[in-house]
There are 2 protein chains.
Amino acid sequence: MQRIKLADVARAAGVHPGTASRALNPETREQVSPATVRRVARAAQRLGYVPNPVARGLRTARSFLIGMVVPDVTNPLFPPMVRGAEKVLTQAGYTLVLTDTDNDAATERRQIELLRARGTDGFIVATARWHDDLLAEIAAAGVPAVLVNRNTASAELPYVGGDERTGVRLAVDHLVALGHRHIAHLGGPADTSTGRERAAAFRQSVLQHGLPATDLVWACAAYTEEAGAEAAGRLLASARPFTAVVAGNDLIAFGVLDALARAGRSCPGEVSLIGFNDMPHLDKLAPPLTSVALPLAEMGAQAARILLSRVDGSAGGPPAQSLLGVELKVRASTAPVT
Amino acid sequence: MQRIKLADVARAAGVHPGTASRALNPETREQVSPATVRRVARAAQRLGYVPNPVARGLRTARSFLIGMVVPDVTNPLFPPMVRGAEKVLTQAGYTLVLTDTDNDAATERRQIELLRARGTDGFIVATARWHDDLLAEIAAAGVPAVLVNRNTASAELPYVGGDERTGVRLAVDHLVALGHRHIAHLGGPADTSTGRERAAAFRQSVLQHGLPATDLVWACAAYTEEAGAEAAGRLLASARPFTAVVAGNDLIAFGVLDALARAGRSCPGEVSLIGFNDMPHLDKLAPPLTSVALPLAEMGAQAARILLSRVDGSAGGPPAQSLLGVELKVRASTAPVT
DNA sequence: TCCCGTACCACAATCGATTGCGTCATCTGA
DNA sequence: TCAGATGACGCAATCGATTGTGGTACGGGA
């Protein structure tokens with residue numbers, strides 16, 4: 001069972017392979033007479049010709065592959081984004097290549113080099129750090145790329161994320177409405193845009209409500225349960241009074257729950273808690289966690305759309321920043337201050 | 001910033017490209033003098049040479065792409081397997097292409113056809129149904145493929161999974177040790193090997209303990225919370241007495257929790273519950289869910305290793321079935337019968 | 001000294017499709 | 001009737017790496 005190649009089709013149609021190539025390619029079809037086009041098309045049909053993307057890619061330097069770079073697929077934040085992106089990409093005839101950097105810069109660089117060597121047409125990157133050399137290089141090299149979820153300081157690349165500031169404001173407003181006046185923020189690492197953005201938004205929201213100035217903003221070392229527990233432990237040890245915590249994300253919130261339990265403080269009885277990202281199944285927790293929901297799938301899809309418009313050259317110009325709407329899911333981890 | 005090609009390395013080392021190719025390839029290195037190998041290797045290193053897999057693939061008729069097919073990336077069961085597989089594959093110079101079938105047979109077929117046209121060297125498939133035409137075709141066509149997590153009836157392809165039977169036995173043993181004698185099983189769909197296997201193992205375990213014959217085995221329509229709730233609702237409505245449930249997986253267990261709560265039955269007070277897969281963060285639930293843990297990452301890695309050994313032809317022979325060890329994570333959703 | 005085997009490497013074909021360029025035939029208009 | 005324009009297609013180079021074949025230099029044995 002031999003694979004049919006273009007030369008076979010050409011021979012069957014009685015034309016030169018070059019002509020057959022033009023006849024089969026919609027872009028160049030006009031250079032061939034309609035009659036010949038028909039003959040070639042029919043021969044291709046009859047022989048069951050399937051073009052070889054490898055050979056085509058070698059010549060055209062395009063692979064129809066899009067790389068998506070995430071720090072850790074097992075973090076429930078990313079799979080919905082992957083799905084959203086994949087849907088758009090396959091629709092457009094592209095194939096998504098997922099790569100997991102394990103939160104490691106060296107791995108990330110290696111993986112991206114590998115994919116570039118393979119001729120990947122563009123990247124969707126969810127691993128951006130606030131100062132990111134690798135991404136600066138990519139931007140400088142003119143490789144089509146779109147950031148999702150996390151941005152960089154330089155804003156050289158298009159970015160798709162959630163409206164972090166509004167999310168934080170919704171959280172703070174909700175807590176204030178419940179009577180809280182001593183609200184802490186255990187945010188994400190300062191080398192991520194989300195960590196910085198949410199912390200800044202938190203400070204601003206708190207000030208707007210005229211609450212006591214904020215010596216209650218701490219950055220966790222990572223977006224993990226452990227880092228959250230550690231930071232919450234330090235907050236508790238500091239003996240500063242607080243009745244509510246806005247966590248940098250849900251995993252950090254998990255850590256806060258642990259630390260509160262260990263310290264014998266009840267949630268939401270003594271401390272209200274709000275997470276970020278609205279991971280699945282938060283409603284099953286004890287207590288069900290109030291959280292800010294981001295439109296993850298839509299973020300992935302939007303990033304893919306923007307990337308494609310850059311890949312096929314139809315969109316140039318300065319990189320756009322697009323912020324999608326968020327929503328506060330109120331559950332039982334927040335309660336009126338007693 | 002032009003890409004370095006083999007010819008550049010050859011020129012820098014003062015040899016012919018063909019020689020450079022042989023020097024860089026471990027298979028053919030012996031045909032080149034050690035001194036030359038060193039010169040070429042050093043030049044390649046210095047110039048930062050990265051071979052072009054597309055060109056190589058054109059000549060060798062290999063793409064170095066491996067497709068991994070999962071029903072739904074957002075199901076926490078799959079990301080760890082993806083990670084495990086990816087690690088092994090990139091190590092071996094392959095690139096993983098992830099594709100999400102959305103639990104839809106038509107989508108699955110389309111995606112796989114697409115990847116085959118692209119020259120994908122093999123597949124890791126986690127979507128197998130018990131009777132699966134598509135996989136039968138693949139096996140017949142001789143496309144290298146490995147099943148993971150779910151098997152087919154025909155067993156034509158290598159399979160890597162958890163030791164389901166032992167997992168179920170551990171669960172039942174645990175419940176029996178707590179004094180339960182009326183144990184129900186709300187299993188997965190019968191068109192999946194996991195659903196069938198776990199149900200069969202459940203029946204066997206129950207019989208071995210001499211418990212009353214089991215009219216308490218029900219198959220849910222899907223591995224979802226909704227299907228679990230629905231099945232649990234029917235079980236409750238049937239008024240059959242039971243004090244414990246072994247769920248087909250954790251999502252089904254979630255549904256059971258919902259149904260119990262709606263029916264005013266407490267867990268673990270009145271009904272003990274055990275899940276399957278040990279999703280992350282089950283310890284944060286109310287109540288923390290006892291569950292059977294599968295070595296997901298290792299399953300993915302093992303599947304990748306088996307696939308690679310088939311792709312490079314070093315392993316032929318009949319398809320092997322490999323069952324990895326499982327573990328029962330005991331938490332608070334199981335309690336002595338009162 | 002001559003011959004032959006061996007080791008090492010260069011040359012060029014090859015994988016399959018794309019594409020710039022050249023050629024031929026046909027058509028148009030003067 | 002002929003120059004020039006136009007359309008349709010063939011030719012061959014090209015993408016970058018791999019690999020079968022052939023050639024050269026060196027060594028050892030007679």
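Computed from a predicted model, the values in this text were never measured in an experiment. In what follows, chains are A, B, ... by sequence order, proteins preceding strands, each numbered from 1.
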- Using a heavy-atom cut-off of under 4.0 Å over every strand shown, decide if Val15(A) touches base, sugar-phosphate, or nothing. sugar-phosphate
- Message: Of the listed nucleotides (dA8(D), dG16(D), dC9(C)), which one gets closest to any side-chain atom of Val32(B)?
- Response: dC9(C)
- Query: How far apart are the closest heavy atoms of Gly67(B) and Leu115(B), and which atoms are they?
  - Reply: CA-CD1, 4.2 Å
- Presence of salt bridge, Arg109(B) and Glu137(B), under 4.0 angstrom: yes
- Query: Where the side chain of Asp191(B) meets the backbone of Trp130(B), is there a donor-acceptor pair that is under 3.5 Å apart?
  - Reply: no
- Item | Results of salt bridge (Lys or Arg N to Asp or Glu O under 4.0 Å) for Arg59(A) - residues two or more places apart only | none
- In whole Å, what is the span from the CD atom of Gln31(B) to the P atom of dT6(C)? 16 Å
- Item | Glu108(B) with Arg129(B): basic N within carboxylate O range, under 4.0 Å | yes
- Message: Nearest whole Å is fine: how far is dC15(D) P from Arg62(A) CZ?
- Response: 19 Å
- Query: Separation of Glu27(A) atom CD from dA17(C) atom P, in whole Å?
  - Reply: 18 Å
- Item | Distance in angstrom units between Asn52(B) CG and dC15(C) C1', rounded | 13 Å
- Task: Mind calculating the distance between CZ (Arg29(B)) and P (dA7(C)) to the nearest angstrom?
- Result: 19 Å
- For Glu30(A) and dG7(D), give me the distance from atom CD to atom C1', rounded to whole Å. 12 Å
- Using atom CD1 of Ile4(B) as one end and atom P of dG16(D) as the other, report the distance to the nearest whole Å. 11 Å
Produce the list of close N/O pairs, under 3.5 Å, pairing protein atoms with atoms of nucleotides 18-22 of chain D; give distances to one decimal.
{"unit_1": "dT18(D)", "atom_1": "OP1", "unit_2": "Arg56(B)", "atom_2": "NH1", "d": "2.9"}
{"unit_1": "dT18(D)", "atom_1": "OP2", "unit_2": "Ser21(B)", "atom_2": "OG", "d": "2.9"}
{"unit_1": "dT18(D)", "atom_1": "O2", "unit_2": "Arg59(B)", "atom_2": "NH1", "d": "2.6"}
{"unit_1": "dG20(D)", "atom_1": "O6", "unit_2": "Arg22(B)", "atom_2": "NH2", "d": "2.3"}

- Message: Please determine whether a side-chain nitrogen of the Lys or Arg among Asp102(A) and Arg83(B) lies less than 4.0 Å from a carboxylate oxygen of the Asp or Glu.
- Response: yes
- Distance, rounded to the nearest Å, where Leu24(A) contributes CG and dG16(C) contributes C1': 13 Å
